[in-house]
Structure formats: structure tokens, C-alpha cells
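Have a look at the structure below, then the notes.
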Amino acid sequence: MIKNVLFDFDGTLADTARGIVETLRESFVQLGLPVPAEEEMVATIGRPLWKAFQTLGNMTEEEAHQAVEVYAGLFMKYEIPNIRMFPGVAEMLEQLAQYGTRMAIVTSRDRHSLDLILQNNGIDRYFETVVTVDDHLTPKPAPDMVLALLERMDIRADETLVVGDTTFDIEMGNRAGCRTCAVTWGNHSRELLLSACPDLVIDELAEILRDIKGI
């Protein structure tokens with residue numbers, strides 16, 4: 001029986017792709033570097049931001065971390081105005097809470113930006129805890145971020161569902177011994193998600209509660 005749900009954030013609960021792409025684009029402009037194609041930028045969503053810069057700009061790790069500082073200075077102007085929670089998120093979280101489900105977030109986003117978005121949208125109260133890039137754990141698709149949550153929350157892997165929109169999320173959850181649920185409205189296609197072997201694939205948020213009851 002599933003008692004706990006660990007959610008990815010970008011592309012799973014929130015439609016952040018446009019904001020991330022716009023901020024990445026302006027970051028490359030500010031850095032005086034060629035702007036990558038939009039599909040290349042979207043493909044990096046779900047990875048730590050410094051890794052995205054490293055991949056997109058062929059940067060050293062030091063250069064990538066410097067680029068993250070440029071991005072941070074542009075965040076409020078370019079990313080925040082373009083972030084939208086997916087329809088039905090608050091209702092789905094409320095239903096899960098009423099069902100007694102314990103919830104947390106596991107994300108490659110930094111803690112400051114995550115807290116700001118959660119609070120702005122009034123859904124921070126649903127999450128017991130979060131693990132972010134600021135915890136300095138081996139990033140997705142390694143299992144470390146999920147394993148940290150399992151230990152912190154004192155919960156069992158076989159009673160926990162990891163929900164995400166990328167293969168990074170699904171591979172992370174599988175490696176941690178959890179059940180996994182891929183959502184098709186995010187940044188990776190259904191075909192790509194299936195290659196990571198999720199236990200569930202859903203097309204609508206409302207399916208989460210139904211499927212949890214059936215697991």
C-alpha cells in the first residue's frame with residue numbers, strides 16, 4: 001500500500017518550462033555566449049542548473065557555477081512571471097492530504113526559489129519536507145535524494161511513490177526501491193518515460209489518488 005508520495009516539482013506540479021527557458025536564454029545573452037536551441041534547453045530541465053549550463057554551454061564546472069549566479073540575478077524578472085501551477089494541483093494535494101498521505105518534494109531546483117513558488121501558490125503546507133540541490137547530494141538519476149527523504153521521514157521505500165515527468169525522476173525512484181509514477185504533461189515524452197520503466201504512467205493529476213488506492 002502506498003502511504004507516501006515524493007513529488008518532483010518542475011514539469012510535474014508546476015509548468016515552469018517557459019520561465020526556465022526564458023531565463024536561460026537571457027543568461028546566455030548576458031554571458032555573451034550563443035543561445036542554445038529551445039529544445040536543447042528544455043531537455044536539461046530536471047537536472048541541477050549548473051549541469052544544464054555545463055551541457056548547454058560546454059562550460060567547466062567553475063564556469064557553470066558562475067553562470068548560475070547570472071541566472072539567479074534574472075530569476076525574479078524572467079522565471080517567476082512565467083511559472084504556473086498545473087490545473088488541479090491544489091485539489092489533488094488536498095485529496096491526498098485528506099487520505100492521510102505523507103508528501104514531500106524532491107527537486108533539482110534550489111530551496112529559495114522552491115519555497116518562494118510554493119508559498120506564492122499556497123501549497124507549501126502540504127509538504128512535510130523537501131530535498132533540493134542545496135542539500136548537495138548526488139543529483140538525479142542517482143537515488144541519493146530519495147534515500148535522504150526516506151531516512152528523514154522514517155518511511156519505507158515499498159510504501160512510497162516517486163512521481164515525476166522525466167526519466168531522471170523515474171530512474172531515481174526505481175534505484176531507491178520505490179514505486180514510480182511518470183506524468184505525461186511535463187518535459188519528457190511518453191515514449192521516453194516508458195524507457196525508464198515506471199510502475200505507472202498517468203495523463204491527468206486526478207489519476208494519482210485513484211491509482212494509489214489501487215496499488
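As a basis for the values below, the full set of heavy atoms in this structure was taken, side chains included, without hydrogen atoms, waters or symmetry mates.
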message = Walk me through whether T12 and D165 qualify under side-chain hydrogen bond (donor to acceptor under 3.5 Å, both in side chains).
response = CA-CA 5 Å; T12 300; D165 71 306; 3.3 Å; yes
key: Which residues share a ring pair (Phe, Tyr, Trp, His ring centres under 6.0 Å) with F168, sequence neighbours left out   = H188
remark   = Contacts of Q66 meeting side chain to side chain donor-acceptor pair (under 3.5 Å) (sequence neighbours excluded), chain-then-number -> none
ask   = Got a sec, which residues hit ring pair (Phe, Tyr, Trp, His ring centres under 6.0 Å) with F9, two or more places apart in sequence or on another chain?
value = none
task = Scan for salt bridge (Lys or Arg N to Asp or Glu O under 4.0 Å) pairs involving residues 51-77, sequence neighbours excluded, and state none if there are none.
result = none
ask   = Listed by chain and number, what are the side chain to side chain donor-acceptor pair (under 3.5 Å) partners of T184, not counting sequence neighbours?
value = D203
task = Verify side-chain contact (heavy atoms from CB on, under 4.5 Å) between I117 and I80, making sure each step is shown before the conclusion.
result = CA-CA 8 Å; I117 299 166; I80 282 291; 4.0 Å; yes
key: Pairs flagged by side-chain hydrogen bond (donor to acceptor under 3.5 Å, both in side chains) wherever residues 26-47 is involved - sequence neighbours left out   = R18-E38, E26-Q30
inquiry  = Applying ring pair (Phe, Tyr, Trp, His ring centres under 6.0 Å) as the test, list every pair that has at least one member in residues 118-166; sequence neighbours left out.
reply    = none
ask   = Which pair of heavy atoms, one from A196 and one from I170, lies closest together, and at what distance?
value = O-CG2, 3.6 Å
request  = Output all residues satisfying ring pair (Phe, Tyr, Trp, His ring centres under 6.0 Å) with H112, sequence neighbours left out; order by chain, then residue number.
outcome  = none
key: Side-chain donor/acceptor of N4 to backbone N/O of E159, under 3.5 Å   = yes
message = Walk me through whether D124 and D115 qualify under side-chain contact (heavy atoms from CB on, under 4.5 Å).
response = CA-CA 7 Å; D124 51 308; D115 285 347; over 6 Å; no
ask   = Please walk me through it: do L114 and T132 pass side-chain contact (heavy atoms from CB on, under 4.5 Å)?
value = CA-CA 8 Å; L114 177 67; T132 73; 4.0 Å; yes
note = So CZ of R102 and OG1 of T129: to nearest 0.5 Å the spacing works out to 10.0 Å
Side-chain donor/acceptor of R152 to backbone N/O of V130, under 3.5 Å = yes
note = Residues pairing under salt bridge (Lys or Arg N to Asp or Glu O under 4.0 Å) where one sits in residues 78-98, two or more places apart or in two chains, turn out to be E79-R109, E94-R125
message = Return the CD to OG distance between E171 and S195, rounded to the nearest 0.5 Å.
response = 7.0 Å
inquiry  = Counting C-beta onward and ignoring hydrogens, is there a side-chain heavy-atom pair between F7 and V106 closer than 4.5 Å?
reply    = no
note = So CD1 of I105 and CG of L6: to nearest 0.5 Å the spacing works out to 10.0 Å
key: Minimum heavy-atom distance M153-A104, with the two atoms named   = SD-CB, 3.7 Å
query = Taking the side chain as C-beta and beyond, is there a heavy-atom pair between T160 and V5 under 4.5 Å?
reply = no
note = When every non-hydrogen atom of M145 is compared with those of T107, the smallest separation belongs to CE-O, 3.1 Å
inquiry  = Between N58 (side chain only) and Q54 (backbone N and O only), is there a donor and an acceptor less than 3.5 Å apart?
reply    = no
message = Test: salt bridge (Lys or Arg N to Asp or Glu O under 4.0 Å). Region: residues 136-146. Which pairs qualify, not counting sequence neighbours?
response = D8-K140, K140-D169
message = Just so I know, are the side chains of T55 and P36 near enough to count as touching, which here means a heavy-atom distance under 4.5 Å?
response = no
inquiry  = I'd like to know if V163 and L194 are part of one continuous hydrophobic network [Ile/Leu/Val/Met/Phe/Trp/Tyr, side-chain heavy atoms within less than 4.5 Å].
reply    = no
Side chain proximity check, P143 to V146, heavy atoms < 4.5 angstrom = no
message = Looking at every non-hydrogen atom in both residues, tell me the closest pair between N187 and A17 and how far apart they are.
response = OD1-CB, 3.7 Å
message = Is there a path of hydrophobic side-chain contacts, each under 4.5 Å between heavy atoms of I/L/V/M/F/W/Y residues, joining L200 to L193?
response = no
Value rounded to 0.5 Å, distance of CD1 in I2 from OG1 in T101 = 9.5 Å
Student check: side-chain heavy atoms of I20 and L49 closer than 4.5 Å = no
ask   = Between the main-chain N or O of V131 and the side-chain N or O of D135, is there a donor-acceptor pair closer than 3.5 Å?
value = no
query = Would you say I202 and C181 make side-chain contact, with heavy atoms under 4.5 Å?
reply = yes
inquiry  = For F28, give me all partners under ring pair (Phe, Tyr, Trp, His ring centres under 6.0 Å), at least two apart in sequence or on another chain.
reply    = F53
Backbone N/O of G46 and side chain of S108: donor-acceptor pair under 3.5 Å = yes
ask   = Can L74 be reached from I45 by stepping across I, L, V, M, F, W or Y side chains whose heavy atoms are under 4.5 Å apart?
value = yes
key: Co-membership, hydrophobic cluster, residues M41 and L31, 4.5 Å side-chain   = yes
request  = First locate atom CD1 of I83, then atom CG of N120, and finally report the distance between them rounded to the nearest 0.5 Å.
outcome  = 9.0 Å
Flag for N174-T180: side-chain donor and acceptor within less than 3.5 Å = yes
ask   = Same cluster for V133 and V162 if Ile/Leu/Val/Met/Phe/Trp/Tyr side chains link at under 4.5 Å?
value = no
ask   = Which is it for M85 and L13 under the side-chain contact (heavy atoms from CB on, under 4.5 Å) test, yes or no, and what are the steps along the way?
value = CA-CA 6 Å; M85 303 307 296; L13 297 178; 4.1 Å; yes
note = When rounded to the nearest 0.5 Å, the distance separating CE of M103 from CD1 of I123 is 10.0 Å
inquiry  = I need the minimum non-hydrogen distance between P87 and L205, along with the two atoms involved.
reply    = O-CD1, 3.3 Å
key: Closest heavy-atom pair and its distance - V201, R190   = CG1-NH1, 3.5 Å
request  = Report the residues that fulfil side chain to side chain donor-acceptor pair (under 3.5 Å) with D134, sequence neighbours left out, ordered by chain and then residue number.
outcome  = none
